[in-house]
Amino acid sequence: MAQVSIRKVVKAYEGNVQAVKGIDLEIADEEFVVLVGPSGCGKSTTLRMVAGLEEITSGEIWIGGDVVNDVPPRDRDIAMVFQNYALYPHMSVFDNMAFGLKLRKFPKDEIKRRVDEAARILDIQALLERKPKALSGGQRQRVAMGRAIVRNPKVFLFDEPLSNLDAKLRVQMRTEIKKVHQTIPTTTVYVTHDQVEAMTLADRVVVMNHGVIEQVGPPQELYHNPATRFVAGFIGSPAMNFLPVRVLDDGGLKVELANGVKLAVPPQRVDRYGPYKGRQMTLGLRPEHLTEIRDTEKPNVVRIDCMVDVVEPMGMETLVHFFIDGEPVCARIDPVTHSAPNEVLPLAADLNNMHLIDNESGKVV
Amino acid sequence: MADGTSISANLAAPARAAMAPPSGMRKFMRRRSTIAVLMAMPLILLIAGLVIWPAIYAIWLSMLNKRMTQFVGLGNYAFLLKRNTFQLVIFQSCLFAVTAVILKALLGFIVAHLMHNIPGKNQRIWRGLLLVPWVIPLALSTLSWWWLFDPSYSAFNWILNSLGFQSVPWLGVGWNARFAVIAVNVWFGTPFFMIMYLAALKSVPEQLYEAAAIDGAGPVQKLLHVTLPMMRNIIAITVLFSLIVTFADFDIVRILTAGGPQDMTHLFATYAFSVGIQSGDIPLGASVSLFMLPILAVAAFFVLRGVTRRTQEIAA
């Protein structure tokens, strides 16, 4: 049981390339934190620095009240699950799971008790005598988790553990990981590039980009109140629509789209957006806030007509793609609504959920 | 429509074949296995001519009398086993091969590890340099060693003398000569082990070491629990291969000592040469050179069986 603190941590490689540019992060005891971001954003490097597999260029990492900068991985009392499982191919499942305990000179009966317990939690009791080669991807993943669980470490580290699994198994194992964390609450740092994994698993999500933390917060907060254009675009699928707009006063504060359509800013946002009058900004609107016209209309929902380009029926919803002055836009509509390519479709934009992004700073205002 | 016609054309051939069943000979020639054997025939003939025939001929030769006029069965082998010199040759060959292979494997393993830790471009240079002993024709490099071991004018004795020690008759005394022969073989064969082990080391996934580090393994435990198990196949194969080649070694002894002093460095190959070619008893020479065959064959069988089993276990 331990807190993890990352303070002003920098990782620079030869040639002064900075992979991680001085990040700060406090992780509470028993918290499940997910680091998410595109490839090369520094999330794996951060995790590996916590594990002790990468040296820290500057800054401090604390685990459970101790600075661990110069502590080798084996003395950090952490357990890690790797992307390709990293099971020892010459050892049986039992030996793979028992290896860490054997090295720490645990008594034999205690090792057996712990391995059996972990195998029971992960439902792999029948596989203990097998070699990793004889296991499926999902089973290997379970063994890798078992190897982490038996150690009963202070911190669990997961490095993209589900990316080698097929889509269906990934969803299933995601649930299992969450269940394991509920059964054995342990501080967990989990790295993924998949924002759905991040949203579903995390107590708090850390969005990283270009070696810096863009935003930290609970999944819902990140989704509804993104701090930057990057977070707004990264979290959510399909991604948020971004449209260049001009803020102007035309009988009330409005934003003008590139095609000349003016949309009235909701009254509760007028004070917030007032200072940006006359500026070129970016309007962010999630596809689910751009829907077919519904009977019961809320205030601040405005009509936009679009020329449909592509229609993607997903079953529970239909995605409609079109362009506003050359910018691609996606809307999510009810599947019963008729829509076809090259037809005009009237849509309702819910401006209560609009985001206005400063083009210079990239921040959501 | 071009696609449609080509499909119907393809369908026509099997249809015609189905209507008129081919004769027995044609059927035999059409079988995939027949075609495969025919296509491999040039290689089979080559191997039969260059390997199987000489081997059988050697076995036949070893069962003749000295004048090659009479079949004597296993008489030559029985005669050899009773001779003191040949008993010495068996002992020396085993001593030579086993000691040299162990030393080569050990040194190769250490050097491969050192090499593995040299970063990038420098590693290539060192790798190239250390491969040199293995690349130079052995007969030539052994001549240099012969000169180095020379009792009067050699570099080794010069160094010993300048440090205040007596000269050592490197090749003139039995155990010294045996040591010298083994040393040269180790010098020559270590690069082979090094390059094989280096390749094996590079193929061990880095994440296994990381997982072991997190599991609590230090350098020694990583070596024992990750590196060695992952390299077992390569180690087994290189040791077997090197054992066979070292048992059959000829050049080093022939050039350094010619089997002397007092036959104390003779190996199977040099003794076979001395008996068969120099003394003109070809059947006896053939039996000397065939002596190790059954033992090595059995060893090879067990080693390769273990390799296959482990490969099936490990290969993911």
Contact class of A/Leu135 relative to chain B, heavy atoms under 4.5 angstrom: neither
Side chain / backbone / both / neither for A/Asn84 at chain B, heavy atoms under 4.5 Å: both
Salt-bridge present (A/Arg104, B/Asp215; N to O < 4.0 Å): no
Those residues of residues 36-49 of chain A, ordered by number, that approach chain B below 4.5 Å (heavy atom to heavy atom): A/Arg48
More than 12 heavy atoms of other residues, nucleotides or ligands under 6.0 Å from [atom1] of [X]: yes or no?
| X | atom1 | result |
| --- | --- | --- |
| B/Phe179 | CZ | no |
| A/Lys179 | NZ | no |
| A/Lys108 | NZ | no |
| A/Phe106 | CZ | yes |
| A/Glu55 | CD | no |
| B/Arg232 | CZ | no |
| B/Lys222 | NZ | yes |

A/Tyr88-B/His225 aromatic ring centre distance below 6.0 Å: no
Would you give the length of the straight line joining atom [atom1] of [X] to atom [atom2] of [Y], rounded to the nearest 0.5 angstrom?
| X | Y | atom1 | atom2 | result |
| --- | --- | --- | --- | --- |
| B/Glu206 | A/Phe82 | CD | CZ | 10.0 Å |
| B/Gln207 | A/Gln83 | CD | CD | 7.5 Å |
| B/Arg310 | A/Lys131 | CZ | NZ | 10.5 Å |
| A/Tyr85 | B/Leu208 | OH | CG | 14.0 Å |

Atom of B/Ile214, atom of A/Met80 and distance for their closest heavy-atom approach: CD1-CB, 3.5 Å
Shortest non-hydrogen contact between B/Gly216 and A/Arg74, atoms and distance: CA-CB, 3.2 Å
Within-4.5 Å side-chain heavy-atom neighbours: A/Pro89 and B/Met230: yes
